[in-house]
Protein chains: 4
Amino acid sequence: MAVQKSQPAPGKPAPDSTRRSEKSRRAIYDAALALVVEVGYPKTTIEGIAARAGVGKQTIYRWWSSKADVLMEAFLDLAEQSTEEAGAVPYTFPDTGDLAADLKAVLRATVDELRDPRFEAPSRALAAEGVVNEQLGRELVAKLMQPSLDLYIGRLRAAQDAGQVRPEIDPRIALEFFISPLAQRWLQHTGPISHEYTDTLVDYALHGLAPR
Amino acid sequence: MAVQKSQPAPGKPAPDSTRRSEKSRRAIYDAALALVVEVGYPKTTIEGIAARAGVGKQTIYRWWSSKADVLMEAFLDLAEQSTEEAGAVPYTFPDTGDLAADLKAVLRATVDELRDPRFEAPSRALAAEGVVNEQLGRELVAKLMQPSLDLYIGRLRAAQDAGQVRPEIDPRIALEFFISPLAQRWLQHTGPISHEYTDTLVDYALHGLAPR
Amino acid sequence: MAVQKSQPAPGKPAPDSTRRSEKSRRAIYDAALALVVEVGYPKTTIEGIAARAGVGKQTIYRWWSSKADVLMEAFLDLAEQSTEEAGAVPYTFPDTGDLAADLKAVLRATVDELRDPRFEAPSRALAAEGVVNEQLGRELVAKLMQPSLDLYIGRLRAAQDAGQVRPEIDPRIALEFFISPLAQRWLQHTGPISHEYTDTLVDYALHGLAPR
Amino acid sequence: MAVQKSQPAPGKPAPDSTRRSEKSRRAIYDAALALVVEVGYPKTTIEGIAARAGVGKQTIYRWWSSKADVLMEAFLDLAEQSTEEAGAVPYTFPDTGDLAADLKAVLRATVDELRDPRFEAPSRALAAEGVVNEQLGRELVAKLMQPSLDLYIGRLRAAQDAGQVRPEIDPRIALEFFISPLAQRWLQHTGPISHEYTDTLVDYALHGLAPR
DNA sequence: GCCTAACCGAGACGGTACGTCGAGTCTTAAT
DNA sequence: ATTAAGACTCGACGTACCGTCTCGGTTAGGC
């Protein structure tokens with residue numbers, strides 16, 4: 001499960017990645033994440049990252065095309081490490097047979113993650129960049145979000161097979177009832193996020209707003 | 001409803017707003033919006049706005065505290081104008097008695113607005129800024145989104161009174177089923193937005209995912 | 001006798017010289033000369049000058065087109081100041097009636113000046129630059145050397161009128177017998193320079209190498 | 001006469017010159033001279049020379065200590081080749097018994113050489129470097145100029161023996177009347193150089209400026 | 001109808017960061 | 001062991017904007 005390297009500015013003679021310094025790469029990831037946490041994304045500069053990592057600026061420009069690009073890889077790397085560290089099987093979704101309970105459990109974990117300060121600053125920064133820069137946005141979605149979304153889809157399909165979700169429902173849309181309200185509250189500061197809140201989302205979504 | 005001017009950096013002798021040049025203000029709004037559309041938010045600079053507006057830099061710094069601040073006011077102004085232009089009663093929500101139909105109608109209009117290129121660039125820029133800058137984010141929510149959200153709340157309460165929505169539902173959460181998925185698809189490029197899509201959202205949300 | 005300002009890079013909107021900061025100009029001159037003396041010309045950088053002068057780099061680039069250009073003006077300014085300081089009538093050549101004595105006196109003064117450490121580093125640097133960069137070289141000749149050369153020509157013509165120099169001699173060539181050997185020894189380190197040496201030059205040049 | 005290799009940075013384990021690649025050396029000389037002619041000395045870089053010569057940078061740093069050092073050897077090599085090529089006995093000075101004629105002939109040849117574009121760029125570059133870098137300057141004088149100067153001294157001494165030059169004249173100073181004015185005009189662009197000019201120098205110098 | 005304060009266009013200023021280039025060092029593979 | 005190749009750290013380049021600070025020149029009210 002290797003991290004895909006992003007392309008540096010095209011037209012340049014591609015650097016030889018076999019000779020790349022692993023030490024520098026790690027130092028750059030660490031410096032970038034630390035700076036984003038400490039001083040915020042806009043005040044995080046390529047020069048600052050280079051200085052903190054004890055690395056020449058050119059070494060950053062050689063392998064990445066922008067600050068956002070560095071941060072994205074750093075964040076992907078962080079996510080990978082955290083997953084490994086947690087010892088968890090990385091990409092699974094609980095299936096106890098109780099759809100509501102499973103969704104609530106996963107969403108509670110997501111809430112906790114969104115509040116982890118190690119994740120908050122860089123993921124906000126990346127999300128903001130993705131809003132404005134479509135190319136980066138799509139990369140983010142593909143690399144960071146899609147794997148999780150696929151798990152939701154799988155779980156919802158299983159629920160359909162078990163007769164707990166109506167068969168005509170499109171799981172790719174249904175999952176947004178759980179993900180999107182949480183995402184918007186977090187991204188746009190439109191409201192607080194909590195375990196109770198996500199529990200409520202699950203209940204509302206499964207049973208609908210209208211009386212039965 | 002006059003646009004509230006934002007405070008310039010505190011500690012300064014407050015400028016006398018009665019002597020402010022209306023012509024400059026308009027020129028600055030126009031230049032800011034045009035530049036964001038033409039070159040994108042990150043490449044829009046205060047110097048660029050000043051030059052294009054034929055205005056001194058100080059005139060911008062005197063009345064606004066940041067690029068985002070200028071753009072926010074410019075955008076609010078644009079939104080106001082558009083509303084007036086449309087001749088519409090600005091802040092109402094249809095109530096035909098058919099909740100689903102009313103929601104679908106409003107969401108279709110929202111989809112159309114999100115696709116209007118005049119709106120897209122600046123509102124993306126502001127949204128992105130709001131993700132990262134909490135203070136600005138809250139201002140955006142309060143000034144740009146809250147009025148609309150309140151209309152949703154009002155309509156949902158009416159539906160509750162009419163027995164079309166279960167009484168224990170919190171309308172402030174319920175409205176997110178309509179707003180948030182659309183917002184996320186648009187903000188994060190996670191999927192296409194269309195009238196069919198929002199129609200589906202309304203149906204799913206009202207009747208729930210589970211079989212009845 | 002104003003210092004001619006050199007042209008910044010053409011094609012740029014010419015800066016308004018009436019608003020130029022005299023303080024910055026002085027500080028830049030001082031820093032440039034000091035650095036050339038202290039660390040040598042090649043290690044003198046625009047950044048270094050700016051930092052030492054407490055000035056933004058742009059302020060240098062706004063008014064000068066290169067390091068050599070800065071240094072040339074700084075040196076011209078220094079020369080001017082020194083002349084004023086010395087209280088001397090700036091552009092005269094002694095005429096006691098004794099050509100040999102007058103030439104020897106002036107050349108002895110020149111030798112002293114060439115050895116003054118305040119002058120040595122910058123003038124070497126400029127001379128070197130002028131060797132390789134013809135445009136700058138011609139400017140140097142015109143602004144720094146020509147006035148002195150003209151004085152030699154004047155004195156030699158007077159000597160011709162007085163019958164002390166053959167009338168068919170071209171003073172513009174003759175003066176090189178006094179100037180050029182000294183210049184070459186100094187520039188190219190081909191030999192030591194001293195009062196005795198220049199005295200000898202005068203004697204040899206006036207009376208020739210061949211027996212009479 | 002083998003070219004003495006200059007010392008690389010001291011303190012390093014001296015490379016084994018018996019295993020040196022002659023092909024690389026030649027390629028480096030050619031590349032260095034070509035680049036100086038084509039793009040000028042300041043824009044000639046070690047990287048550029050290495051790339052053009054198809055050589056690793058280290059190969060240059062191993063054997064030379066600086067750009068000027070490379071160029072000096074390259075130029076010495078060029079001078080040697082040219083001399084051989086010309087088939088001439090390398091280090092002689094004509095002695096027809098007519099001092100004036102001999103000097104004029106040699107100076108005319110010098111003028112022609114100074115105008116040869118193959119020589120001009122590199123020798124200007126070296127001269128400029130020598131003005132500012134005393135160590136290199138002295139090396140240049142010793143290796144490039146001294147042999148010629150010695151020939152002048154020899155010829156002048158012969159002339160003294162023949163009674164054509166006054167015995168009390170120091171030939172080491174006298175020769176500067178022929179060399180230095182030409183050198184200065186060429187180096188500092190203070191005037192045009194031509195056969196007529198050098199002829200005039202010889203006449204003026206031999207017979208003096210004063211009436212006889 | 002004048003005075004005088006504030007605003008205005010303009011843009012120079014001290015700075016920070018940009019993205020690029022080259023210096024000189026170090027590592028790898030191949031000859 | 002030298003070589004071609006090129007990644008590395010470092011420092012300077014010249015540019016773009018930042019936010020502050022003068023400059024005249026309008027442009028109001030308050031007298």
Side-chain angles (χ1 to χ4, degrees), chain A residues 9 12-13 15-21 23-24 43-48 50-51 53-63 65-67, chain B residues 9 12-13 15-21 23-24 27 43-51 53-63 65-67, chain C residues 9 12-13 15-21 23-24 27 43-48 50-51 53-63 65-67, chain D residues 9 12-13 15-21 23-24 27 43-48 50-51 53-63 65-67:
Chain A
K12 295 290 164 54
D16 177 349
S17 55
T18 66
R19 315 192 53 183
R20 185 167 182 183
S21 160
K23 206 174 57 157
S24 294
K43 289 193 177 171
T44 296
T45 64
I46 299 267
E47 288 205 336
V55 137
K57 275 199 287 181
Q58 204 55 46
T59 299
I60 298 185
Y61 286 111
R62 184 157 27 240
W63 302 109
S65 62
S66 67
K67 182 169 70 162
Chain B
K12 294 292 163 53
D16 178 350
S17 57
T18 64
R19 314 196 48 175
R20 185 168 182 182
S21 159
K23 205 173 58 158
S24 295
K43 289 192 176 171
T44 296
T45 64
I46 299 267
E47 290 207 335
I49 295 170
V55 138
K57 281 202 285 179
Q58 200 58 262
T59 300
I60 297 183
Y61 285 109
R62 189 163 16 241
W63 302 108
S65 63
S66 68
K67 181 170 72 163
Chain C
K12 295 289 163 57
D16 177 349
S17 55
T18 65
R19 317 190 70 185
R20 187 167 180 182
S21 159
K23 206 174 57 159
S24 295
K43 289 194 177 170
T44 296
T45 64
I46 300 266
E47 288 205 336
V55 138
K57 276 201 285 182
Q58 204 55 48
T59 299
I60 297 183
Y61 286 111
R62 181 151 37 232
W63 301 108
S65 61
S66 68
K67 181 169 72 161
Chain D
K12 293 293 163 52
D16 177 349
S17 57
T18 66
R19 313 196 51 172
R20 184 170 183 181
S21 158
K23 206 174 56 159
S24 294
K43 289 193 175 170
T44 296
T45 65
I46 300 268
E47 291 208 334
V55 137
K57 279 201 286 178
Q58 200 57 264
T59 301
I60 297 183
Y61 285 110
R62 186 159 22 239
W63 302 107
S65 64
S66 67
K67 181 169 70 163

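Chain letters run A, B, ... following the sequence lines, proteins first and then strands; every chain starts at 1. The model shown is predicted, which means the values in this text are computed figures rather than measured ones.
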Discussion item. Could you go through A/R62 and A/T59, starting from their C-alpha distance and side-chain angles, then the distance that decides it, and tell me whether this counts as side chain to side chain contact (heavy atoms under 4.5 Å, CB included)?
Written reply: CA-CA 5 Å; A/R62 184 157 27 240; A/T59 299; 3.7 Å; yes
Worksheet item: Looking at the side chain of B/R19, which of E/dA6, F/dT9, E/dG19 is the nearest nucleotide?
Response: E/dA6
Worksheet item: Using a cut-off of less than 4.0 Å, is there contact between a side-chain N or O of B/W63 and OP1 or OP2 of E/dA6?
Response: no
Worksheet item: Closest heavy-atom contact between C/S17 and C/W63?
Response: CA-CH2, 3.6 Å
Worksheet item: If you look at every strand shown and take non-hydrogen atoms under 4.0 Å, does C/G54 touch a base, only sugar-phosphate, or nothing?
Response: sugar-phosphate
Fill in: Whole-Å distance separating the CG atom of A/D16 from the C1' atom of F/dG6
8 Å
Fill in: Phosphate-side-chain proximity, A/R62 and F/dC8, N/O vs OP1/OP2 below 4.0 Å
yes
Practice prompt. Report yes or no: is there a donor-acceptor pair, N or O only, under 3.5 Å between the side chain of A/Q58 and the base of F/dC8?
Written response: no
Fill in: Comparing B/E47 and D/S66 on DNA chain E - which has the more 5′ nearest nucleotide
B/E47
Worksheet item: Please give, in whole Å, the distance from E/dG22 P to D/K43 NZ?
Response: 10 Å
Worksheet, complete the sentence: Separation between CD (D/Q58) and CD1 (D/I46), nearest 0.5 Å, reads 11.0 Å
Discussion item. Let's test your reading of the model: under 3.5 Å, does the base of F/dG14 pair with the side chain of C/K57 as donor and acceptor?
Written reply: yes
Worksheet, complete the sentence: Between CD1 of B/I49 and P of E/dA10 the distance, given in whole Å, is 16 Å
Worksheet entry | Of D/G56 and B/I46, the one whose closest DNA chain F nucleotide lies more 5' | D/G56
Fill in: Side-chain N,O (C/T45) to OP1/OP2 (F/dG11) below 4.0 Å
no
Discussion item. Is C/T59 close enough to E/dA12 that one of its side-chain N or O atoms is under 4.0 Å from OP1 or OP2 there?
Written reply: no
Worksheet item: Separation of A/I60 atom CD1 from E/dA17 atom P, in whole Å?
Response: 13 Å
Worksheet item: What heavy-atom pair brings A/A50 and A/G56 nearest, and what distance separates the two atoms?
Response: CB-C, 4.2 Å
Worksheet item: Nearest-Å distance, CZ (B/R20) to P (E/dG9)?
Response: 11 Å
Item to complete: Look at the side-chain N and O atoms of B/S24 and state whether any lies under 4.0 Å from the OP1 or OP2 oxygen of E/dG9.
Response: yes
Fill in: Nearest to side-chain heavy atoms of D/S21, which nucleotide of F/dC18, F/dG14, F/dT3
F/dT3
Worksheet, complete the sentence: Minimal heavy-atom distance between D/A27 and D/A53, with the atoms involved, is O-CB, 3.5 Å
Item to complete: Assign B/T18 to base, sugar-phosphate, or nothing according to its heavy-atom contacts below 4.0 angstrom with the strands shown.
Response: nothing
Worksheet, complete the sentence: Rounded to whole Å, OH of A/Y61 lies from P of F/dA7 at a distance of 18 Å
Item to complete: Please tell me which of the listed nucleotides, F/dT9, F/dG19, E/dG22, lies nearest to the side chain of A/V55?
Response: F/dT9
